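Lettering of chains follows the sequences in order, A, B, ..., and the numbering in each one begins at 1. These numbers come from a predicted model, not from an experiment. What's counted below: heavy atoms across the whole structure, side chains too, no hydrogens, waters or symmetry copies.
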Number of protein chains: 2
Amino acid sequence: MADPQKRLETMLAKLKEKEMRITPQRLAVLKILSESCEHPSVERIYEQVRGDFPTTSLATIYKTIILLKEIGEVLEIGFSDGSSRYDGNKPYPHPHLICTICKTIIDPDSDSLKDVTAELSRETGFRITSHRLDFFGICSGCQKNR
Amino acid sequence: MADPQKRLETMLAKLKEKEMRITPQRLAVLKILSESCEHPSVERIYEQVRGDFPTTSLATIYKTIILLKEIGEVLEIGFSDGSSRYDGNKPYPHPHLICTICKTIIDPDSDSLKDVTAELSRETGFRITSHRLDFFGICSGCQKNR
DNA sequence: TTTTCTGCAAATGCTTTGCATGGGA
DNA sequence: TCCCATGCAAAGCATTTGCAGAAAA
C-alpha cells in the first residue's frame, strides 16, 4: 500500500496544477480514496463524507470521482452488475482478489501473473472460483461462516 | 474457438434438461452466441434476431441472456461504463484483448499469463495500454487509421 | 470579483418487471 | 391442455445533467 499522506499530496498537487478548486467536500473524498484499502463504492464514500459534511449530495461525489478518473488519480473497478468500486491509493492497474460473498476486495502482493491462482489461494485462504485480473473467490472468513 | 455446432447442441441440451422451452427467438439468440467471435452486445444480438423475427423485443433478449448466465452457458464481460458484451462460444473465464477505439474483442491464443502483455502485443499488433485479464489496447487496424 | 463547485431536482438510459396474449411440449 | 415465454409498456435505479446560489481563489 502506498503512503496515504503522499497519495493525498499527489492528488492535491494535481488538482492545483489543473486549476481545480479544493473544496472541503473534495478534500474529504480525496482523503477517503487515498487511504482506501477497502476499495469503497460511491455509496460508501458518500456515507463517510456525510459524516463530516451532512449536506453533501451524491452528485458531488459522482462529479468528484469523474474528475479524478479524468486526471488518472483513481482506479475504477467496474462490475457486470453495474456497481463500481474505487482505488485512489493505487490508481493504476493491478490484480484484485474479490470475495463473491462479502464483496471484500484486497490487493495481493504478487507481481508475477504466473501460477498466481494457486499462489493466491494458498497465501490468502481464498478459494478461487473465477478471474479477470481481478480474481474472484471466497475469502477465508466467508468459508468459515458458511 | 469451440465448434459452434457443438456449442449450440450443448446449450440446447442444457435448456431441455432444465425443462425450459426452445422458442424460435431463443434459438436465434443461442445460435448467435454459439457462433460469436465478436462478443456481441445485447443491442447487437437484438438487431440480428430482429432480422429473422422482426417483432422480437429487447426484453426477450435480456431475459434469454439472464437465463443463459444462470445456467452458465454464456460469459458476461461487463465494463465500467455499464455496457456488457457476451461470449457464448467460450462461456468460461479466459483472457480478452480489447481495442479501446473500435471496441473489438478477441480471444488471444496464449494460455500462460506470463509475459502475456509483450507476447500479445507482438502477435496481434495491439499496443497494450491497460489490463484486467481483459487486456485493453489499440488494435492494428485502429493504429493505422489514426 | 470572477469562476468554479455544490446541492437540489429533474432527466437519462439501460435493464427489469408485470401482465395479458401467444405458443411450445 | 397446461404452463412457460413473448412483447408491450411501465417501473426501477444508478448515474448524469441543468441551474441558481454558495464559496474558492
Side-chain angles (χ1 to χ4, degrees), chain A residues 11-33 39-71 73-74 76-86 103, chain B residues 11-33 39-71 73-74 76-86 103:
Chain A
M11 295 168 110
L12 288 173
K14 202 112 167 219
L15 283 186
K16 282 175 188 161
E17 179 193 318
K18 309 261 181 189
E19 297 186 319
M20 291 162 162
R21 293 182 182 169
I22 317 253
T23 63
Q25 295 89 333
R26 280 191 180 168
L27 185 56
V29 174
L30 297 204
K31 269 187 185 161
I32 291 163
L33 285 172
H39 307 76
S41 63
V42 165
E43 205 58 46
R44 185 91 189 80
I45 296 168
Y46 178 57
E47 288 164 10
Q48 289 192 250
V49 173
R50 279 185 82 97
D52 293 321
F53 304 94
T55 64
T56 307
S57 70
L58 247 186
T60 296
I61 310 293
Y62 277 109
K63 285 168 185 167
T64 303
I65 285 175
I66 289 168
L67 192 80
L68 291 173
K69 281 198 288 183
E70 283 170 358
I71 64 175
E73 289 299 323
V74 72
E76 180 171 53
I77 311 164
F79 298 101
S80 298
D81 66 2
S83 67
S84 284
R85 303 276 290 269
Y86 299 88
K103 312 302 179 193
Chain B
M11 294 168 111
L12 288 172
K14 203 113 168 217
L15 283 187
K16 282 175 188 161
E17 179 193 318
K18 308 259 180 189
E19 297 186 321
M20 292 161 162
R21 294 185 181 164
I22 316 249
T23 63
Q25 295 89 334
R26 280 191 180 169
L27 185 56
V29 174
L30 297 204
K31 270 186 184 161
I32 291 163
L33 284 172
H39 307 75
S41 62
V42 165
E43 205 59 46
R44 185 92 188 80
I45 295 169
Y46 178 57
E47 289 164 9
Q48 289 192 250
V49 172
R50 279 184 82 96
D52 294 321
F53 304 94
T55 64
T56 306
S57 70
L58 248 186
T60 296
I61 310 294
Y62 276 109
K63 285 169 184 167
T64 303
I65 285 176
I66 289 169
L67 193 79
L68 292 172
K69 280 199 288 181
E70 283 170 358
I71 64 176
E73 289 301 321
V74 72
E76 180 171 55
I77 312 164
F79 298 102
S80 297
D81 66 2
S83 67
S84 284
R85 302 277 291 268
Y86 298 89
K103 313 302 178 194

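- Thr60(A) has a side-chain polar atom (N or O) that falls below the 4.0 Å cut-off from OP1 or OP2 of dG7(C).
- Contact annotation: Thr55(B) side-chain N/O to dG7(D) OP1/OP2 distance is under 4.0 Å.
- Whole-Å rounding puts the Ile61(B) CD1 to dT6(D) P distance at 9 Å.
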Are there any protein N/O atoms within less than 3.5 Å of an N/O atom in nucleotides 22-25 of chain D, and if so, which ones and at what distance?
residue, atom, partner, partner atom, Å
dA24(D), N3, Arg21(A), NH1, 3.1
dA25(D), OP1, Ile22(A), N, 3.2

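- Lys18(A) has its NZ atom 18 Å from the C1' atom of dC5(C), to the nearest Å.
- Taking a 6.0 Å sphere around NZ of Lys31(B), one finds it holds 12 or fewer heavy atoms contributed by other residues, nucleotides or ligands.
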**Request:** Map every base of DNA chain C to its dot-bracket character, where paired means a Watson-Crick or G-U wobble contact with both distances under 3.5 Å and | marks a partner outside the strand.
**Result:** |||||||||||||||||||||||||

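- Side-chain contact between Phe53(B) and Pro24(B) is present, with at least one heavy-atom pair separated by less than 4.5 Å.
- Nucleotide dG7(D) holds its P atom 11 Å from the CZ atom of Arg26(B), rounded to whole Å.
- A donor-acceptor pair is defined here as one N or O able to donate and one able to accept, closer than 3.5 Å; no such pair exists between the side chain of Arg85(A) and the backbone of Val42(A).
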**Asked** Can Thr64(B) and Gln25(B) be said to form a side chain to side chain contact (heavy atoms under 4.5 Å, CB included), step by step?
**Response** CA-CA 9 Å; Thr64(B) 303; Gln25(B) 295 89 334; over 6 Å; no

**Request:** Please test Thr60(B) against Val29(B) for side chain to side chain contact (heavy atoms under 4.5 Å, CB included), starting from the C-alpha separation and ending with a verdict.
**Result:** CA-CA 10 Å; Thr60(B) 296; Val29(B) 174; over 6 Å; no

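- Across all non-hydrogen atoms, the minimal contact from Ser57(A) to Tyr46(A) is C-CE1, 3.6 Å.
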Using a cutoff of under 3.5 Å, can you pull out all pairs of nitrogen or oxygen atoms linking the protein to nucleotides 16-19 of chain D, with atom names and distances?
residue, atom, partner, partner atom, Å
dG18(D), O6, Lys63(A), NZ, 3.2

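- If you take CD1 of Ile45(B) and C1' of dC14(C), they are 15 Å apart, rounded to a whole angstrom.
- One can place OH of Tyr46(B) at 13 Å from P of dC14(C), the figure rounded to the nearest angstrom.
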**Verdict with supporting geometry, Met11(A) and Leu33(A), side chain to side chain contact (heavy atoms under 4.5 Å, CB included)** = CA-CA 10 Å; Met11(A) 295 168 110; Leu33(A) 285 172; 4.3 Å; yes

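- Nearest heavy-atom pair, Arg21(A) versus Arg26(A), reported as atom, atom and distance to 0.1 Å: O-NH1, 2.9 Å.
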**Item:** Chi angles and distances behind the side chain to side chain contact (heavy atoms under 4.5 Å, CB included) call for Ile65(B), Ile45(B)
**Value:** CA-CA 10 Å; Ile65(B) 285 176; Ile45(B) 295 169; 3.9 Å; yes

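- Contacts of Ser83(B) with the nucleic acid, taken as non-hydrogen atoms under 4.0 Å apart, are absent.
- For the pair Ile65(B) CD1 and dC14(C) C1', the computed distance is 13 Å after rounding to whole Å.
- Ionic pairing of Glu17(B) and Lys14(B) is not present here: no N-O contact between side-chain nitrogen and carboxylate oxygen is shorter than 4.0 angstrom.
- Atom C1' of nucleotide dG23(C) and atom CG of Leu27(B) are separated by 15 Å, given to the nearest angstrom.
- The heavy-atom pair separating Ser84(A) from Gly78(A) by the smallest distance is OG-CA, 3.5 Å.
- Between Lys16(B) atom NZ and dC4(D) atom P the separation is 18 Å, expressed in whole Å.
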